[in-house]
Amino acid sequence: MIEQEKTRETWIAEGEQAFYKTYNRFPVVFQRGQGLYLYDTEDQEYLDFYAGIAVNALGYGDPEYTEYLKAQAEKLLHVSNYFYNTPSIEAGKKLIAVSGMEKVFFTNSGTEAVEGAIKIARRYAYNKTGGENYEIIAMKNSFHGRSTGALAVTGNDHYRDPFQPLMPGIRFAEFNDLGSVKALFSEKTCGVILETVQGEGGIYPATREFLEGIRSLCDQYDALMILDEIQCGMGRTGEMFAWQHYGAKPDVMTVAKALGNGVPVGAFLARGKAASAMVPGDHGTTYGGNPFVCAAASKVLDIFQSRKLTAHVKEMGEYLWQRLEEAAATYKEILGHRGMGLMQGLEFSIPVGPIVSNALLEQKLVLISAGTNIIRFVPPLVIEKKDVDEMMKRLTRAIEASL
Ligand SMILES: *Cc1c(COP(=O)(O)O)cnc(C)c1O
């Protein structure tokens, strides 16, 4: 007897029945991945230039990575942070080596890394003045996560308004406008948080003047500079961390997304005066830094070194830039092209929803938007020129079909 395969429609109906509805999903059910391609329940093949929101840096099914995870799954998954475990020590040492930071705390997500960073700033203020200098400067158009703390520093009213009042003491400046940051700085400021390259907000890299200016202001006021590298870090821009393109080093940094290549692991890192602001009892997590997720992070960091991935990203980033410039020259609806390395965006004069949807459903190309008018390109970091060419073919057809 042949077992009846469940149709895509049935899967989707069952999912909708089960899930708390906070997402409008595309009508595609993915079942497996290989290399740069995803396969749905009907075994249709999709080229992935989205990487699960800049997560799957190595693409799908990388043999070296997968074998390592399998071996760790057989050894040990979890023990809690009341004990040491070898993969977390290895991953921690490697992350410190590539970031030039001093201390690391592993989290389960990007949001939790941001929470930890906020707590460092608040604890630093508490140590200094009993907490009188509790203000944190954040940026408009930013994204730092969905917990109430991370939301409090996220500059997007659409996400914030239904959950007000959020944590007090947060003031919002204009990204890339140093004057607006300066105007908010005072003796009450304990930290500044920003993405080195704004991701969800539409792929806006910080200018050199802005990032280095914030560093000077933080030094002047003894405030902590917190860089959120959750999306732009882990090689995405062609350096291990985006701030390494600039002459400014953060006191606190957050990482997640590509750190585990799909296994949920994030981290916050700190150095100097920030590295000892919190003390035993101030912060904790049950799962965070467990042997399984840290084996993933450890292997990912090894692969970055052995395959020289940042150099590869620089080369592929330039090629993607060149090809997207051609598109920008062809279509008058493309107003702008921004980004660094394999984190680029095309801004359109029209909403990009129809293009993204046509790309996915008709051209079998997985893309993501950022805001209503921007298409975001955050492919796996292991792409080759031929993959960029294939993506351009499909993208062009999707644009033509939507204009
Ligand atoms: C995705 C993202 C987050 C939140 O990470 P989660 O893992 O979804 O909690 C925070 N900051 C930035 C810049 C991000 O891109």
Side-chain angles (χ1 to χ4, degrees), residues 22-23 25 50-57 99 105-121 136 138-156 158-160 163 166-167 170 172 175-176 191-206 211 214 225-237 240-243 250 252-269 285 287-290 293 296-297 300 338-345 368-371 374 376-379 381:
T22 66
Y23 277 100
R25 292 178 163 85
Y50 172 10
I53 323 186
V55 167
N56 304 309
S99 64
F105 184 105
F106 286 107
T107 66
N108 307 295
S109 67
T111 299
E112 285 168 90
V114 169
E115 291 288 334
I118 293 171
K119 281 180 73 175
I120 291 179
I136 294 175
M139 301 300 144
K140 293 179 188 169
N141 197 45
S142 62
F143 183 82
H144 298 291
R146 304 300 202 119
S147 65
T148 53
L151 205 48
V153 292
T154 288
N156 179 330
H158 178 69
Y159 294 157
R160 298 164 58 84
F163 305 102
L166 292 162
M167 180 172 71
I170 312 300
F172 287 95
F175 192 73
N176 277 342
V192 180
I193 182 167
L194 67 152
E195 295 151 271
T196 318
V197 182
Q198 285 193 330
E200 307 295 312
I203 316 293
Y204 291 95
L211 211 72
I214 288 179
M225 179 176 184
I226 304 167
L227 289 181
D228 183 343
E229 289 263 344
I230 289 168
Q231 191 163 153
C232 60
M234 291 304 293
R236 177 128 317 262
T237 65
M240 205 58 200
F241 297 101
W243 61 262
V252 181
M253 174 178 94
T254 59
V255 198
K257 293 210 160 83
L259 177 59
N261 189 50
V263 167
V265 53
F268 60 81
L269 293 111
T285 166
Y287 291 140
N290 86 19
V293 303
V300 166
R338 297 185 288 272
M340 292 164 90
L342 288 175
M343 184 175 186
Q344 297 186 28
I368 184 178
S369 57
I374 296 154
R376 177 169 23 162
F377 299 85
V378 286
L381 304 182

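Just so you know, ligand 1 is whichever comes first in the structure, and atom 1 is the first atom listed for that ligand. Position 1 is the first residue of the sequence; numbering continues from there.
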The residue among E195, R376, R236 that forms side chain to side chain donor-acceptor pair (under 3.5 Å) with Q231 is R376
The atoms of ligand 1 lying under 4.0 Å from a heavy atom of Q231, numbered in the order shown, are 15 (O)
Contacting atoms of ligand 1, where contact means under 4.0 angstrom from a heavy atom of E195 = 13 (C)
Geometric N/O contact [X] with ligand 1, under 3.5 angstrom:
X: K257; value: yes
X: E200; value: no
X: T111; value: yes

Looking at side-chain heavy atoms only, is the closest gap between Y287 and V293 below 4.5 Å?
-> no
Step by step, work out the side chain to side chain contact (heavy atoms under 4.5 Å, CB included) result for V114 and I230.
-> CA-CA 9 Å; V114 169; I230 289 168; 3.8 Å; yes
Which heavy atom in I53 sits nearest to a heavy atom in K257, and how many Å separate them?
-> O-CD, 3.1 Å
Tell me yes or no: between the side chains of E229 and T196, is some donor less than 3.5 Å from an acceptor?
-> yes
For E112 and T285, test the side chains for any donor-to-acceptor distance below 3.5 angstrom and give the result as yes or no.
-> no
Minimum-distance protein heavy atom relative to atom 11 (N) of ligand 1 = D228 OD2, 2.7 Å
Tell me, which protein residue and heavy-atom name are nearest atom 7 (O) of ligand 1, and how many Å apart are they?
-> G110 N, 2.8 Å
